[in-house]
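In what follows, chains carry the letters A, B, and so on, assigned in the order in which the sequence lines appear, proteins first and then strands, with residues in each chain numbered from 1. Keep in mind that what you see is a predicted model, and the values were worked out from it rather than measured. Both backbone and side-chain heavy atoms feed into the values below; hydrogens, waters and symmetry mates do not.
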Amino acid sequence: MLDAKLFRSELMETAGRLKETRGYILDVAALEALETQRKELQVRTESLQAERNARSKEIGQAKAQGQDIAPLLAEMDDMGSQLEAAKQALNHIQDELHAIIAGVPNIPDASVPIGADEDDNVEVSRWGEPRTFDFTPKDHVDVAAHINNGMDFERAAKLSGARFVVLQGQVARLHRALAQFMLDLHTSEHGYQETYVPYLVNHDTLFGTGQLPKFGEDLFHVQGATENQVPLSLIPTAEVPLTNLWRDEIADETMLPLQYVAHTPCFRSEAGSHGRDTRGLIRQHQFDKVELVMLVKPEDSMAALETLTGHAEKVLQRLELPYRKVLLCTGDMGFGSAKTYDLEVWVPTQNKYREISSCSNMWDFQTRRMQARFRRKGAKKPELMHSLNGSGLAVGRTLVALLENNQQADGSVSIPKVLQPYMGGLTSIAAK
RNA sequence: GGAGAGAUGGCAGAGUUCGGUUGAAUGCACCUGACUUGAAAUCAGGCGUGGGCGCAAGCUCACCGGGGGUUCGAAUCCCUCUCUCUCCGCCA
């Protein structure tokens with residue numbers, strides 16, 4: 001959520017910036033009209049309240065002195081209804097304003113290239129060399145099929161439906177090894193605190209990170225057993241619970257930066273992506289991800305984005321997977337992000353780089369929604385933190401990359417050095 | 001699942017019986033100043049959050065777990081939800 005002041009004192013500039021960067025058309029006329037009404041109604045409501053408070057105080061004092069309060073009460077006659085009407089009108093306007101403002105995307109950082117879609121993203125760097133095969137490489141589905149049917153989509157469909165998978169045997173173990181390796185790397189070398197979080201969260205939490213109110217259809221919502229139970233939703237990423245750890249709290253300056261890592265399943269409805277990536281593990285309703293979250297002082301967040309992205313890159317480097325780093329253009333960035341790098345891993349059978357991590361500096365967009373703040377030493381006013389998040393990495397897609405890039409002519413898959421300790425010392429998984 | 005108790009500012013903890021000048025005593029923590037070579041101790045003062053109006057000084061509104069209600073007036077009364085604790089039962 002943007003600072004409400006931007007919509008008052010810098011409305012035209014804000015609207016211009018949103019249009020130029022995001023192609024987002026802010027309804028300036030509606031905002032101006034609502035704002036005029038809001039101002040008038042709020043001043044009137046509050047002065048009515050002030051008057052009521054003063055008169056009630058008088059009544060209290062008169063009563064304490066044993067005076068007759070009947071005439072005072074009579075004077076109050078229609079104040080109640082006036083106040084009630086004003087309050088209702090004000091609430092209505094404020095709800096409308098809030099609905100508009102909560103739906104406005106973040107303003108991209110000045111360093112973000114202007115563009116319409118992913119074609120305008122800017123490649124920043126490449127690491128590693130895509131391998132040349134002296135045989136025709138199979139895609140990950142086929143590779144896994146030959147490892148004792150380690151990736152079973154048919155059975156998963158029976159259990160749950162499309163876009164689910166059952167992993168078994170060495171493939172399942174490799175999946176687990178990847179997650180373990182990532183967690184260990186980030187906790188022992190990059191200074192993140194390992195965290196276990198709820199997979200079901202409430203609406204306030206989802207509002208905090210920006211999933212609600214606008215993107216509710218991307219989530220799975222869980223109906224309670226009883227009608228009046230609070231509604232919960234499955235997390236689409238651990239970014240949600242991790243960032244919300246500090247919702248409605250004020251940290252001491254010395255506690256920053258806060259760095260959290262969690263390995264969780266992620267649940268996404270994939271509404272609106274029918275027909276895309278239907279084969280294999282690329283796009284599932286449920287997938288595992290190791291997520292990195294940082295909460296930092298505002299002046300540190302741009303540098304922190306570079307650091308955090310570097311932490312995600314390190315995973316790919318240790319796994320020896322070729323990838324490239326892409327700076328997303330304004331049109332391809334997520335709703336709440338001020339600046340995003342995507343890491344794209346080489347997928348041989350698709351002959352292209354595919355997203356495996358997305359690292360974003362959300363600026364104060366989320367922390368304003370959730371009022372996650374910190375106080376500088378000696379300062380009176382608390383300030384909003386900045387929040388960042390990034391995949392480090394998406395485990396399912398990492399498994400895809402590994403199976404495809406490391407496959408051998410005989411159908412076996414070689415295991416990168418760093419994973420071998422997690423695989424009981426195995427250097428390769430044999431086809432069977 | 002049953003029975004009971006509770007939720008107040010950074011923390012602890014009054015106030016809730018019998019609604020009134022209580023944004024809330026007190027202690028701790030913290031900040032500023034005095035004393036001190038410095039520190040401690042002591043003394044004096046300050047010290048919640050969010051919002052509105054205003055160039056500013058300042059004025060003002062809301063908030064005592066969330067939501068709703070009664071009332072001229074609610075931390076205090078009523079309803080409801082959530083959470084925490086104690087005991088019993090069940091259980092990975």
Fill in the blank from the handout: Heavy-atom nearest nucleotide on RNA chain B taken for A:E51 and for A:R8; more 5' hit belongs to A:R8

Practice task
Please say whether more than 12 non-hydrogen atoms of neighbouring residues, nucleotides or ligands are located less than 6.0 Å from CZ in A:R376.
Solution key: yes

Practice task
Determine, for A:F207 and A:R369, whether the Lys NZ or Arg CZ falls below 6.0 Å from the six-membered ring centre while staying within 45 degrees of the axis.
Solution key: yes

Handout entry: Gap between atoms CD and C1', on A:Q42 and B:rG52 respectively (whole Å)
Key = 4 Å

Handout entry: Lys/Arg N to Asp/Glu carboxylate O, A:R373 vs A:E383, below 4.0 Å
Key = no

Completion exercise
note: A:D248, atom CG; B:rG9, atom P; distance rounded to Å ~ 13 Å

Practice task
Please figure out whether A:P382 or A:Q61 has its closest RNA chain B nucleotide nearer the 5' end.
Solution key: A:Q61

Practice task
Could you state the atom-to-atom distance from CG of A:D252 to P of B:rC31 in whole Å?
Solution key: 11 Å

Fill in the blank from the handout: A:I250 atom CD1 is separated from B:rC47 atom C1', nearest whole Å, by 13 Å

Shorter than 3.5 Å, N or O on both sides, protein versus nucleotides 69-74 of chain B: list them out with atom names.
{"unit_1": "B:rC72", "atom_1": "O2'", "unit_2": "A:S56", "atom_2": "OG", "d": "3.0"}
{"unit_1": "B:rG73", "atom_1": "O4'", "unit_2": "A:S56", "atom_2": "OG", "d": "3.0"}

Exercise for the section: Describe the nucleic acid contact of A:A64 in one word from base, sugar-phosphate, nothing, applying a heavy-atom distance below 4.0 Å. Expected result: base

Practice task
Assess whether salt bridge (Lys or Arg N to Asp or Glu O under 4.0 Å) is satisfied between A:R375 and A:E253, documenting all intermediate values.
Solution key: CA-CA 5 Å; A:R375 201 190 311 268; A:E253 172 182 32; over 6 Å; no

Fill in the blank from the handout: To the nearest angstrom, the CG-C1' distance between A:L384 and B:rU49 comes to 13 Å

Exercise for the section: Would you mind listing every ring pair (Phe, Tyr, Trp, His ring centres under 6.0 Å) that reaches into residues 354-397 of chain A, with sequence neighbours excluded? Expected result: A:F335-A:F365, A:W363-A:H386

Exercise for the section: Check the distance between B:rG67's P and A:N202's CG and give it to me in whole angstrom. Expected result: 14 Å

Handout entry: Contact under 4.0 Å: A:R373 side-chain N or O vs B:rG10 OP1/OP2
Key = no

Practice task
Would you please classify the geometry between the A:H190 ring and the A:H186 ring as parallel, tilted or perpendicular, with 30° and 60° separating the classes?
Solution key: tilted

Practice task
Round to a whole Å and report the spacing from CZ of A:R44 to C1' of B:rC61.
Solution key: 15 Å

Problem - C1' gap between B:rG6 and B:rA75, integer Å - result: 15 Å

Fill in the blank from the handout: note: A:R247, atom CZ; B:rC83, atom P; distance rounded to Å ~ 14 Å

